[in-house]
Every structure is written in C-alpha cells, then in structure tokens.
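Excluded from the calculations below are hydrogen atoms, water molecules and symmetry mates; all remaining heavy atoms, backbone and side chain alike, are included. Counting convention: from 1, in listed order, for ligands and their atoms alike.
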Amino acid sequence: MCGIVGYVGTNHCAQLLLSGLRRLEYRGYDSAGIAIADEEGEVRVCRAEGKLQQLEQAYREDPFDGTIGLGHTRWATHGRPSELNAHPHRAGRVIVAHNGIIENYLELKKELTARGCKFSSETDTEVVAHLIDEMWSDSDQSLHDATRLALDKIEGSYALAVISTENPDELVVARYASPMVVAHGDNCAYAASDVPAVLDHTRKFVFLHDGDTAVLSQEGIAVYGDDGQPVEREVKRIHWDPVSAEKQGYKHFMLKEIHEQPARITDTLRGRVSVDRGEVNLAELNLDADKVADLDKIVFLACGTSYFAAQIAKYMIEEVARISVETDLASEFRYRNPLVSDRTLAIAISQSGETADTLAAIREAGELGATTLSIVNVIESTIARETDGVLYTHAGPEIGVASTKAFTTQLAAVGMLAIKLGRLNGTLDVEAARELISALRQVPAELETMLQDTSQYEEIARQYSRANSFLYLGRGNQYPIAMEGALKLKEISYIHAEGYAAGEMKHGPIALIDRNLPVVVLSPQNSVYEKTASNLEEVKARGGRIIAIGTEGDDRLDAFSDVVISLPEVPEFVQPLVSVLAVQLLAYHIADFKGTDVDQPRNLAKSVTVE
Ligand code: F6R
C-alpha cells in the first residue's frame with residue numbers, strides 16, 4: 001500500500017522525507033515522490049517511477065529544500081506506475097499526497113474538466129488536488145477550510161496530506177478508512193501513514209480517527225472531528241523498535257496481513273457494489289448480456305492458493321449464474337491439449353500477476369481464441385497487461401510469503417463476478433442480488449469480531465503442534481478451504497497436511513485415522529451440513545481427534561469433537577470467506593508455536609516467475 005510522510009517545522013526536510021520513505025519501503029511501492037515548499041511558498045516536486053534510488057538520483061540532479069514538505073510511495077491502484085502518476089500531485093496552489101481510493105473520481109473528474117481543469121495524471125488523487133484548489137475561493141478561508149469542503153464531495157477512503165503555495169507554514173491532513181498519524185516534535189510536527197516513517201524523530205503520536213482532519217505547524221497540531229469542531233485526541237508514547245513498528249506491533253507480517261483482511265475486503269468491494277440497486281459494477285471487464293449468453297464455459301487458470309480461489313469461483317458462479325465453470329492448474333493446462341473456443345471465457349487468478357505457469361496458460365487460452373480476463377492484485381503486472389480485462393483486488397502488497405489477504409480479496413472479487421454474471425445471464429433477480437451483495441458486505445464485520453479474541457488458536461497450537469500430519473475435510477465450497485488450510489499449515493509449520501473432499505474420506509484416507517492424526521473438519525451450517533457432520537461422526541467412531549470448524553452454537557459438533565472453533569452465521573455463498581480465517585489462524589499459531597520462519601518459510605518464494 002502507499003505510504004505518506006509529512007513535515008513542518010524549522011529544519012530543512014528533504015533528507016527527513018527521503019529517509020521516512022525508506023522506512024515505508026517494506027509496504028511495497030512502484031513509484032515515489034517528494035514536494036517541498038521554501039519560505040516564499042515556491043513548491044518544487046520531484047517524482048520517479050521505480051525504487052527510491054531512482055527518486056534520490058532525480059533529486060540529487062536538481063536538489064531543493066525547505067521547512068515544509070510531503071513524501072509519498074505509491075502502490076498503483078488507478079493508473080499505471082509512472083512518473084506522471086506518482087504523488088505528490090499539484091493543482092494550482094495545492095499539493096496533495098493520498099492513500100486510499102476515491103470511488104467517485106470519474107464523476108468528479110468529468111465535472112472538473114467541464115469547468116476547465118486540466119489533468120496531468122490518470123490517478124484518482126489528482127481530482128482531490130483540483131477540488132481543494134477550486135474550493136479555496138475566498139481569501140478568508142484557510143487551506144484546512146478548503147480541504148474540508150472538498151472532502152464533503154468525496155466518496156471513498158483516504159489518508160491525505162496537503163500543503164500549498166499560499167500558506168507555506170501549514171500542513172493539513174485528513175483521514176477516512178485509511179490510516180494516518182500525526183506526531184509532535186520540538187518546534188515541528190510530523191504526519192505519516194504509518195508510525196515507522198517518523199519513529200527516528202519522535203515518539204509522541206496521535207492516531208487520528210475516521211473523519212478527523214488536522215492542521216500541523218511549527219506551533220503544534222490542532223485536530224478537528226468529523227463535525228469540523230476541535231477535538232482532543234490522546235498523545236500516545238510509542239516504544240516500538242523500528243522493525244516491530246513496520247509490523248505495526250504484530251509479531252509477523254503474516255499475522256498483520258491476517259488482521260488487515262476486513263479492511264482489504266472492504267477496499268475490494270468499495271465503489272463496485274450497491275446493495276440498494278442490487279448491482280455490481282465491473283465496467284473494467286467489458287462484459288455484457290450478449291457476451292455472457294454466448295459463452296460455452298468459463299475456465300479459471302491459477303496456481304497454489306489462487307487455484308483454490310478459482311475452485312470457490314466454480315461453486316459461486318455455477319450456483320448463481322448457471323454457467324459451466326472449469327478450473328485448471330495452470331501448470332497442467334499449458335501442457336495438455338485443452339478444449340477452448342472463441343466462446344470460452346478464460347480467467348487467470350494471480351496475486352502477483354507474474355506467475356510463470358499462470359501467464360503461459362492464459363496466453364495459451366487467448367491464442368486458442370478465448371476471451372481472457374484476470375483477477376490480479378499487482379497493477380500493471382504482466383498478466384494484468386496481457387488480458388482483455390482485469391479486475392484488481394485491493395489487497396495491497398502482501399509481504400508474508402504465505403498468501404492470506406490476497407486470497408480473501410480474490411474471494412470477494414469472484415463473489416462480485418458471480419453476481420455480475422448472474423444478473424447479466426438473467427439467473428439472478430435484483431432481490432437475490434441484493435441479498436448476496438449484503439452477504440459480501442457483512443463479511444468484514446464478521447471477520448473483525450472473529451479477530452478480537454484468538455486465544456483459542458494458541459491453546460490448540462499447544463495441544464496439536466507435535467502431530468506429524470493433519471487431515472482437513474470439507475464439502476461443497478468448504479472443500480477448497482480444506483485444501484487451503486492444509487496448504488497453509490504445511491508451508492509455514494512444515495507439518496504434512498492433506499485437504500480432502502469429506503465425501504471421499506471413505507474411499508481411502510479413512511485408513512489413516514487414529515489418535516495421532518488430528519482431523520480438521522470444516523462443517524458450517526449449510527446445504528451439505530448433514531453430510532459433513534456424518535463424516536465427522538465416522539472419524540470419531542474410529543478414534544480420530546477432531547478439530548471442528550462450524551457455526552456458533554452447533555451442539556452436535558460439540559458432542560463429537562475434541563475442539564470446536566466457532567464461525568459466525570453467514571449465508572453459504574460467503575462461508576469460505578469466514579472459515580478460511582479459522583484455518584489461517586490455526587496454521588499461523590501452530591507455526592509460531594513451533595518457531596518456524598513464518599514470513600519466509602524455507603524453499604518458498606513470493607512470486608514464482610519460473611516454471
Ligand atoms: C501459498 C501461496 C502460493 C501462491 C501461488 C500463486 O500461500 O502464496 O501458493 O498462491 O504461488 O501465486 P500468484 O497468486 O501470485 O499467481
């Protein structure tokens with residue numbers, strides 16, 4: 001995700017901004033920039049595509065400095081990574097750095113263009129700079145007033161830092177659904193999207209609330225609540241060392257990313273779904289009713305965890321849109337002679353957008369005449385560029401090698417796609433679409449509740465981490481979650497694990513069952529509950545140790561299981577999005593208890609760009 005650092009005070013700040021950006025590098029980015037105002041209010045901006053080295057090089061060639069400035073590392077969401085799209089953005093007197101997503105930017109851009117504004121980037125952020133400049137119509141107003149007026153027109157999420165040529169001793173910040181902190185120094189103040197950016201300079205932080213704005217100057221920091229009135233926010237002393245600050249106090253990046261999931265799913269749904277209208281807007285995919293009516297099938301191509309997202313897509317799309325869906329491991333698809341026609345829709349799912357097998361498979365499908373789409377996290381990655389349409393997940397950079405938030409945002413994306421296809425295909429009426437959209441929207445809050453107390457997983461880890469092998473069972477849309485649970489456990493704890501369709505147990509794996517094999521059974525209340533519950537009883541009858549993952553208040557599971565992990569009650573369509581959190585936490589705590597290298601397990605790479 002993007003990073004922001006800001007400073008106002010008495011010292012020259014170019015080096016502080018650049019070193020602050022270095023501290024935010026761990027978040028991942030594809031371009032960066034700084035803007036600094038000198039005492040006369042002249043603002044200079046320096047930006048570069050690529051790594052900070054490129055920015056530092058560009059800055060060294062034409063250096064400038066001053067006592068107020070902004071720095072930004074950008075992870076592209078709207079508009080490709082490039083110098084022009086890098087932040088800060090300038091419009092008239094106003095310079096802005098922004099994290100988040102402005103949902104209504106196209107509408108605002110159209111209106112601003114009609115009023116004569118000229119845009120120099122493809123970003124949603126530039127709209128904010130123009131709006132603030134436009135709102136600042138009256139000399140009695142402050143930059144803060146204009147910023148608040150502009151924010152009234154914006155829908156979406158933002159952490160904003162704003163400076164101006166008119167008022168070069170004030171830095172204005174705002175926060176809504178994207179983190180922003182401000183911090184006190186001696187005759188100076190700092191702003192940052194994350195604590196580590198300025199931890200070398202101060203320990204006195206104020207964590208802004210959603211809807212807050214703040215005015216920073218040499219004299220200090222004034223915070224305003226969402227009604228525009230001054231508010232007192234507690235100053236907190238942060239004692240973290242810089243490394244734990246990067247992990248925001250979590251022990252591992254993987255755990256931080258598990259906890260980020262509610263916010264990243266919200267980001268992925270943001271601006272794309274309307275419960276009121278029962279609509280999903282995925283204009284980026286260029287799908288219409290004629291195209292969908294003409295499809296002979298959909299083929300999903302992916303590897304690893306992304307392949308399990310594809311398998312869940314099959315359950316979702318076949319159920320809701322009644323279109324035949326095949327899923328293929330990309331490495332298998334590319335070396336057989338697949339049946340694909342110009343009536344086939346081939347969809348690659350990939351976090352990185354660079355996985356060699358997935359790329360080769362989607363190319364092959366395209367060459368065979370299929371229309372190609374992708375569901376990708378990294379903007380402008382090769383798969384995103386090479387497919388006819390791309391649906392970006394907004395997971396932000398995933399640093400832990402084992403995929404967590406990338407997976408749940410893929411599930412949110414395929415859920416939206418299923419609803420879209422169902423509406424286009426006429427198999428889903430508006431009322432039914434509304435229910436499914438509400439179900440997707442409900443997920444982040446349910447995950448937040450599950451994340452409030454995870455002590456049960458630590459206890460399970462203590463009891464079960466000496467096992468040599470685990471079996472995971474699930475039916476229906478819980479079958480791919482059983483496989484994902486097993487994959488997570490083996491990659492990070494190095495314990496062998498297998499995911500199996502519960503109905504297949506008696507065709508072989510039942511022979512393995514004894515006191516030494518923990519069996520994780522995914523059995524939430526759903527259309528196949530009775531069937532899975534009888535499999536669970538079969539395991540019990542053979543002396544197996546059962547960890548059941550089921551719906552809160554299910555007494556039957558209590559009676560037959562050694563441990564029960566409770567899930568909130570949600571519609572079957574979205575059950576994988578909540579049950580996967582349980583298997584992620586189980587794997588994480590077992591690995592943590594064993595003391596393995598959770599974030600960088602042996603032999604694994606984050607992006608598999610070779611066959
Ligand atoms: C598992 C994991 C991998 C990836 C796989 C595909 O935790 O992360 O199995 O899912 O290598 O990667 P992408 O999604 O980048 O194509």
Side-chain angles (χ1 to χ4, degrees), residues 28 75 252-258 261 264 268 300-313 327-334 346-363 365 372-387 390-414 472 480-495 497 499 576 580-581 583-588 590-591 596-611:
W75 163 269
H252 296 101
F253 281 112
M254 181 180 174
L255 188 61
K256 170 176 169 280
E257 286 160 3
I258 287 174
Q261 292 179 108
R264 299 292 83 83
T268 303
F300 278 93
L301 303 166
C303 302
T305 288
S306 297
Y307 176 68
F308 301 136
Q311 288 196 314
I312 288 167
T327 60
D328 246 304
L329 286 166
S331 53
E332 289 296 316
F333 180 89
R334 61 183 293 200
I347 307 180
I349 305 188
S350 175
Q351 184 284 127
S352 60
E354 303 294 348
T355 301
D357 282 322
T358 310
L359 176 60
I362 197 75
R363 273 184 187 151
T372 60
L373 299 180
S374 57
I375 296 175
V376 166
N377 191 38
V378 180
I379 201 166
E380 285 290 303
S381 51
T382 313
I383 293 174
R385 275 189 278 110
E386 292 201 10
T387 42
V390 48
L391 172 53
Y392 285 114
T393 52
H394 292 303
E398 195 175 56
I399 292 163
V401 165
S403 192
T404 53
K405 61 177 182 163
F407 181 67
T408 40
T409 54
Q410 286 168 350
L411 296 188
V414 294
Y472 285 69
I481 298 300
M483 292 191 287
E484 169 62 3
L487 178 64
K488 281 297 84 100
L489 186 70
K490 62 188 147 201
E491 1 177 43
I492 61 169
S493 74
Y494 314 145
I495 296 175
V580 73
L581 176 59
V583 296
Q584 291 170 348
L585 286 168
L586 190 63
Y588 171 79
I590 291 175
T596 52
D597 187 348
V598 170
D599 284 331
Q600 294 195 321
R602 66 185 180 208
N603 306 337
L604 289 175
K606 186 68 193 158
S607 184
V608 187
T609 51
V610 290
E611 267 194 71

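- Note on ligand 1: Glu354 sits outside its first shell, no heavy atom being nearer than 4.0 Å.
- The pair Arg602-Asp597 fails the salt-bridge criterion, with no side-chain N (NZ, NE, NH1 or NH2) lying under 4.0 Å from an Asp/Glu carboxylate O.
- Close N/O approach between Gln410 and ligand 1 is not found [any backbone or side-chain N/O within under 3.5 Å].
- The nearest heavy-atom contact from the protein to atom 12 (O) of ligand 1 is Thr355 OG1, 3.5 Å.
- The contact set between ligand 1 and Ser350, taken as ligand atoms under 4.0 Å from a residue heavy atom, comprises 13 (P), 14 (O), 15 (O), 16 (O).
- Counting the atoms of ligand 1 from 1 in the order shown, those under 4.0 Å from a heavy atom of Ala402 are 7 (O).
- Close approach of ligand 1 to Val401 (heavy-atom distance below 4.0 Å) involves ligand atoms 8 (O).
- Annotation: Gln351 places an N or O atom under 3.5 Å from an N or O atom of ligand 1; distance criterion only.
- Atoms of ligand 1 lying under 4.0 Å from any heavy atom of Lys488, numbered from 1 in the order shown and given with element: 1 (C), 7 (O).
- Formation of a donor-acceptor pair under 3.5 Å by the Thr387 side chain with backbone atoms of Ile383 is found in this model.
- For the side-chain contact (heavy atoms from CB on, under 4.5 Å) with Val414, the lone residue among Leu391, Ile375, Ile347 that qualifies is Ile375.
- Between Glu386 and Arg363, at least one side-chain nitrogen of the basic residue sits less than 4.0 Å from a carboxylate oxygen of the acidic one, meeting the salt-bridge criterion.
- Residue, atom and distance of the protein heavy atom nearest to atom 5 (C) of ligand 1 are Cys303 O, 3.7 Å.
- Here the protein heavy atom with the shortest distance to atom 2 (C) of ligand 1 is Thr305 OG1, 3.8 Å.
- Close approach to Glu491 involves these atoms of ligand 1, each under 4.0 Å from a residue heavy atom: 1 (C), 7 (O).
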